[in-house]
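Below: one structure, written as structure tokens.
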Protein chains: 4
Amino acid sequence: MKNYIHGRWTKSHSSDKLNVTDPGTQEKLWEVPLGNRDDVDSAVKSAFGAADIWRNTPATARIQYLFKLKGLLEDNREEISRVCTMECGKTLAESRAEMQRAIENVEVACGIPVLMQSEFSEDIAVGIDEFIIRQPVGVSACIAPFNFPIMIPFWFLPYAIACGNTYIVKPSEKVPKTMQMLFELIDQLDLPEGVVNLVHGGREAVDSILDHPNIKAVSFVGSSKVARYVYERAARNGKRVQAQGGAKNPVLVLPDSDMEITTKIINDSVYGCAGQRCLAASTIIPVGDHKRVFTEAIVEAAKTRVTGYGLEAQTEMGALISRESKARTEHLIQKGLDDGATMLLDGRKAKISGYEKGNYVKPTILENVNPDGDLNRTEIFGPVMGIIHVNNIEDAIKLVNENNYGNAACIFTSNGSYARKFRNEANAGNIGINIGIAAPMAFFPFSGWNDSFFGDLHGQGKHAVEFFTQTKVVIERWPKEWTRKF
Amino acid sequence: MKNYIHGRWTKSHSSDKLNVTDPGTQEKLWEVPLGNRDDVDSAVKSAFGAADIWRNTPATARIQYLFKLKGLLEDNREEISRVCTMECGKTLAESRAEMQRAIENVEVACGIPVLMQSEFSEDIAVGIDEFIIRQPVGVSACIAPFNFPIMIPFWFLPYAIACGNTYIVKPSEKVPKTMQMLFELIDQLDLPEGVVNLVHGGREAVDSILDHPNIKAVSFVGSSKVARYVYERAARNGKRVQAQGGAKNPVLVLPDSDMEITTKIINDSVYGCAGQRCLAASTIIPVGDHKRVFTEAIVEAAKTRVTGYGLEAQTEMGALISRESKARTEHLIQKGLDDGATMLLDGRKAKISGYEKGNYVKPTILENVNPDGDLNRTEIFGPVMGIIHVNNIEDAIKLVNENNYGNAACIFTSNGSYARKFRNEANAGNIGINIGIAAPMAFFPFSGWNDSFFGDLHGQGKHAVEFFTQTKVVIERWPKEWTRKF
Amino acid sequence: MKNYIHGRWTKSHSSDKLNVTDPGTQEKLWEVPLGNRDDVDSAVKSAFGAADIWRNTPATARIQYLFKLKGLLEDNREEISRVCTMECGKTLAESRAEMQRAIENVEVACGIPVLMQSEFSEDIAVGIDEFIIRQPVGVSACIAPFNFPIMIPFWFLPYAIACGNTYIVKPSEKVPKTMQMLFELIDQLDLPEGVVNLVHGGREAVDSILDHPNIKAVSFVGSSKVARYVYERAARNGKRVQAQGGAKNPVLVLPDSDMEITTKIINDSVYGCAGQRCLAASTIIPVGDHKRVFTEAIVEAAKTRVTGYGLEAQTEMGALISRESKARTEHLIQKGLDDGATMLLDGRKAKISGYEKGNYVKPTILENVNPDGDLNRTEIFGPVMGIIHVNNIEDAIKLVNENNYGNAACIFTSNGSYARKFRNEANAGNIGINIGIAAPMAFFPFSGWNDSFFGDLHGQGKHAVEFFTQTKVVIERWPKEWTRKF
Amino acid sequence: MKNYIHGRWTKSHSSDKLNVTDPGTQEKLWEVPLGNRDDVDSAVKSAFGAADIWRNTPATARIQYLFKLKGLLEDNREEISRVCTMECGKTLAESRAEMQRAIENVEVACGIPVLMQSEFSEDIAVGIDEFIIRQPVGVSACIAPFNFPIMIPFWFLPYAIACGNTYIVKPSEKVPKTMQMLFELIDQLDLPEGVVNLVHGGREAVDSILDHPNIKAVSFVGSSKVARYVYERAARNGKRVQAQGGAKNPVLVLPDSDMEITTKIINDSVYGCAGQRCLAASTIIPVGDHKRVFTEAIVEAAKTRVTGYGLEAQTEMGALISRESKARTEHLIQKGLDDGATMLLDGRKAKISGYEKGNYVKPTILENVNPDGDLNRTEIFGPVMGIIHVNNIEDAIKLVNENNYGNAACIFTSNGSYARKFRNEANAGNIGINIGIAAPMAFFPFSGWNDSFFGDLHGQGKHAVEFFTQTKVVIERWPKEWTRKF
């Protein structure tokens, strides 16, 4: 696997390599180079060199590459989705779905001529005008996680280049091939050399990006701990930063919601991507006196979910990304039990026939989870649902708001007053009302709060445009007298 | 002098005090307490306690306090301007002018019901709506510098509270009385207790603000060195930050500009506030072959500027803030000469009759300054003009863009093509065309770049609103079936 | 009573006069001149002459007059409200309420520097910039109805002048004194002469406004018939027009709403201003099987409403504007009965002790109104509620959408799905969910649809700004070569 | 040739036909049916029937058709451009250029999910939210002129359908085949039946569109006389209207502009499309004392322009649309001479070898045109330049502003002060600074003023979105108490 630098596939300066394995089989798929500071330097040099030519390419011309990219992504949807599933373990439907959201972000970025329009005011004082020009920030970079190998870099990249920045992507070293394939499409765009670059690598590549003086803006998605580290280190180096962290998303279930539909949606939310997504429902909070009705329905729904190898048609839930991840998940389940929870459905010791070595954990449900225990305080990133019953909506919202994270919070109810109270008071940035995964459309910000996000401008949509442009205020006076008589 | 906490004038927890002196006389005016961590804690406690009641006060009600504040500021313009001049050394006209800009920021913040409107989209998918709610960030704070005791906190405060945040101001310990007086007006607003708080202090107060877990957003204005420190430290603590640093603002003068008008404006820019403002012109770059014409005109204009005590009517330029500042300015002038510059006008050893102890430096002009010397690389914050001649506009823009700062850059010309080239290429966030001080109106961002600003959202206008609100995305589905038959 | 033209109180050119009577007593209050074409000509001449000086006054200066106007309106709230009540018949509380909305429109217009900002795009092609300047339209005018003598002209006037237009108000000849008093405040603003003018009059004044070649934009509020006439005639003369017509506003009541609260709100809506407002609920549509519960509660609530003279403290509902109006209302009630409705509460033959000659009709309720009869098809503008029972929400929405008008439509329910279905499907521009009077805030458009509005841009907020400005697109190229060597 | 109705090619109800001739040869190309009221009725019926399904198709799905349309337009650029040239007479390069602008409008409309976002405000009062939903207007139609058979309908159509309206296009009966071919592409989109319809026809079809009660919005481009007629008649029927009229565009030339470049650009502007475009420069106003230099240069530039058959490679200017048009142009030239102008270049009696019957007039230049004569007051729509010399910019702007039209006005200068004065004061909606054809990009309004436009919202960009959507204001209260205890 190679880096893509200055429009060419380029061998890494590093000889370190990492095996990429199929989470569903634990077999080695391919090797990825662990790029070093020199690789980042090369990419920045290329991107920096391309900055002027690219920013001076009119926005109307820049978007032509994005229109073309949309077509290429659509034409290669299946092939890339398959590789994504192989590396990442998720189901094929899940890979296709993230491909779709990536495409939608390209679509929104096609609207950059409108989105980059800035403000003009005539006569702020007699004869003086003032206006803003939006200009690109310069070289920008994203550091991506393993769980959405396709989608997450597309929260940033399309906007960055549409706005006239040049760009560097560092994909997760666990799922590098997917980005490699996406760059094969990018290679077909005939962009000026250096506009978009790919560097494979791990920690050293990350730090090199955070430290490089010519990188002006960094987008990160990962755990809260690393997000905070990225925020601080990039800030120390004077950069713009948007750093998205982890989550522990609560879902309120009120008795006036339809149990069949609700439990189905919650299951999809908790177990989709095997729980490895930052919008996954994690803590389910039934409100009021319908404990039994709810738990029976939810266990029933969870039980039938088919766990298996991602590429197989019948699979509804795939493998966890690594052995470590599986072990960690099972450890946290045990911790939950030790802290007093009751096991309703135990997904540990999953055996998937034909894929015995895969990192599988089946749907797991624990009831009466200790709110202050590790299971409820920690982002599990596995297919584990914790249930905490409360008596009324006030207690439920209190529980939601004691959470350090603030990525998403959802409620299921048919009552408008409960829904309004919840969306007004819940301390989270993405709210779902009768929605299981509160994933904002590409034209809305992906709006994490609290420890789920560090910075002030989020990925996607108008926030992305604000992040990837800097405002240049011009105050212009043309004195009446400064004319020649003819 | 007292802190203003929870709607009451409150004694500082600290017994450390600092003498505040009149820069124009070096006489002691009053003492300011150097507030400590406990003072900040008290302020945060109050502000945090007021957060809910204030954010639940509708925006239309919140702005009524701002309409009233505008009136109070206008009614007390003279009195506050006088104290500002006493503490800060600037002329009375300069104090009045910053009062005016403070009022204008209040005016813009009165429009918050419109400015806080967010986006709504019907049917992002069939039957599903998505929208954004803008909610306040929480407790916010500003750390203000000495040079604009009135104006700078008003780049932030009016927007912060209009958006529903509660607020803490820490003024510069060199000019605390001005803010004290402004808070006497705020006290008359009958805001709910805790909505706005004042803490006097120095370094400890600053660090306490940067570290306090319940402060969510920090606005800073000061030197680039401290701005970067603030950016990093606040980031480490997960906060939003906007940190404005120093500047070294270049001005191009083309021969097709009117020399009389141009040199007058440049003088006002270089020597206004005795050079102690982050938009002051500092390096003047005559372009092309009009060296002599320009230098004669500019020296003539500078010579006649009356330096003196700020409160006296005839004074056109006041004192520097401190003895240290005067010494530093004179040292840098000498450094410039040592590095090869020619003295055209020497303002050192200024003696102002009746104010012999004041920190005065008179207008100073050095020609042929070494571009790489300290004089040209350092923010002087004194009344010193450095002239560097260049042959053409390309060389001039190159000189501008080699500068690490990026606060302002101006050009004087009657030619549209030169002006457009300059505003397109100059690497600075506030551009003046035939303007000496490129200070954005309150409804535009104060848009520093490079080492003049750390963060992504600036003070004033729409950027302030984005900074002081967080976006809550709501995805709402009301299933058709979830209705009862009646 | 005089016109206000060119900053002076001016006698009308016409000698025709009309008696203005107190609707609650039928006593003559004062006389109003019926201005003619010459009066309109004088006003236009003044406004046209002031256009240049006013549009060249910076927006930041123009809004200072509006800040002052807000203060004056607040200070004179009571006095003007009393006169409004005397002329118009409504209660004092109702007069105060429309005063408040007038003030809120002034507040929003104070934000015009932001609201007038237009779009700038750099490099639409290499080296070419394009931007919009918002400039005023010129002389504009409003033709106002009797029912909100204070508020309705303020949907337009503050925006018109804030945007730099000069303005003419023609109030209803039935309530001229209220506007006279408001102009006494405007007179205190020291606006340049001609910026705002007042012309009293009737039909001739209206037609003169519609025909005058120097009036560029007309805002009208009145009946749909006249609104359409205004739209056509002003269009024939090439003007911008926004013409607001009548209404017949339906309200759905679902059984899951609280009957006590709901019937109280509906009563306030139907009987507020004695039904003389274009957002008054008129046709109440209980959905499902709660006929009896609802009708008992609503009759109970209506019965207790105190009808009487507007200035008396206990009065909850005042008089109709004229004898003709009273007669017409009673005629339509009878027509409803003739067409098959059942009388639940008969407000005809109201006798108000001490005010026997006033134009009073008491709260009236008819059940099972014929949907196709005159009572349900006609805007009554009197205190008459018609009830039509339906079985389900589909039938209810069908009934709503068969209505030719489209001003407002409301629903009362606790169910989110019903509310969403209603707001998505109801064919009206102002929707209330558990709201009785769907009156948009000043920062939202007053958004009538269908026969309730002719034009495309409504009063208030951003629509008003778009209406009162015209976009000037500038495409600017400064060729690189067009510079002189120096 | 057939109509395209309800997704099918449909024979016209009318048996009237018109011959379509090639303006360059006067040979018959094909016949077009002159559709009648029944044809319009059929189209409206189809469009009305499709309205619900289309508006309930999410915007994100609707734009997929537009992305596809962009591809189809690009793939069929040449073929359609050839037919356009055949029918319309313009050069192939000119046909390609209007094709490009059509595509750009499709691109902008692809951004409709962002462009349709409306405003949301939480807590306008405690517990009450208010927001706007943008919903389509319904069935809309455009009535297009002959001079831009491809581009002009695309100022409207892409936005109309992107916003969820259904649409009817009535192309000019002089150039019907071009639209026919565009609809062959539209036919390939697999839009729901009835979303877009094509009706061929003349005056009867126009009136039928203006009168039909189910058409809610009409866009027109043509002469000012007809535009005003359309505005009035559509207004009488209660519709939204945007009606674009004729023009007489002035161009100022200052001596400080480069004569070679300037005269070349002005030639392109005056003679492009043989002068048959509403942004064509028409009156050239040299300012100051450079009469001879300018006239010599402009005559030189005009002389060399190759007039000929549009499809031939060397042709730089094609034929006029009809014999009548040619005769009218020559008549107006003579009138200009009779009124005192001097002939500098006479393009009458043009003979194009091999195309002797074509409607050719060669570049014509008259100097010292009488400002008040017909030549200067009338839109010629032919390749005629009138020159009027003035002494200073004040006189020049006065001349510009005496013009009844207000489509475009341009200036050539290198001086920023002259340019600013001109763009501030010139009474026209599209301003060019060193630009010959001030044609706004697709993301800016095509912003005619005065008699060049009737209505308030223009074609293209955000204005188009405002025109093709109606705002529905929702005020929503969910009472805290309206919840059930569980």
Output the distance between atom [atom1] ([X]) and atom [atom2] ([Y]), rounded to the nearest 0.5 Å.
X	Y	atom1	atom2	result
E104(C)	F443(C)	CD	CZ	8.0 Å
Q244(C)	D451(C)	CD	CG	13.0 Å
I433(C)	E476(D)	CD1	CD	4.5 Å

Are any non-hydrogen side-chain atoms of [X] and [Y] less than 4.5 angstrom apart?
X	Y	value
F468(D)	F156(D)	yes
I475(D)	N430(C)	no
Q460(D)	R101(D)	yes
S219(C)	F467(C)	yes
T263(D)	V253(D)	no
N403(C)	Y405(C)	yes
R236(C)	L210(C)	no

Checking A227(D) against chain C: side chain, backbone, both or neither under 4.5 Å from a heavy atom? neither

Can you tell me which portion of I132(D) sits under 4.5 Å from chain C's heavy atoms? Options are side chain, backbone, both or neither. both

Contact class of [X] relative to chain D, heavy atoms under 4.5 angstrom:
X	result
N450(C)	neither
I124(C)	both
N415(C)	backbone
V137(C)	neither
S121(C)	both
I133(C)	side chain
F453(C)	neither
I261(C)	side chain
F454(C)	side chain
Y229(C)	neither

Out of [options], which one racks up the most heavy-atom pairs below 4.5 Å with chain D?
options	answer
A426(C), A419(C), A125(C), A217(C)	A426(C)
R228(C), R423(C), E466(C)	R423(C)
E481(C), H458(C), K462(C)	K462(C)
E130(C), R233(C), Q242(C)	E130(C)
G455(C), G432(C), P479(C), S257(C)	S257(C)
T471(C), D256(C), V474(C), I435(C)	T471(C)

Decide side chain to side chain contact (heavy atoms under 4.5 Å, CB included) for I266(C) and F412(C); before the verdict, give the C-alpha distance in whole Å, the side-chain angles of both, and the deciding distance to 0.1 Å. CA-CA 10 Å; I266(C) 290 176; F412(C) 285 82; 4.0 Å; yes

Would you mind telling me which of [options] has the largest number of heavy-atom pairs within less than 4.5 Å of chain C?
options	result
K239(D), K216(D), H463(D)	H463(D)
I411(D), I431(D), N424(D)	I431(D)
L457(D), D258(D), V473(D), N56(D)	V473(D)
T413(D), N237(D), I128(D), D52(D)	T413(D)

A quick test of your reading: do over 12 heavy atoms of other residues, nucleotides or ligands sit less than 6.0 Å from CD of E394(D)? yes

Side chains of N165(C) and Y159(C): donor-acceptor distance under 3.5 Å anywhere? no

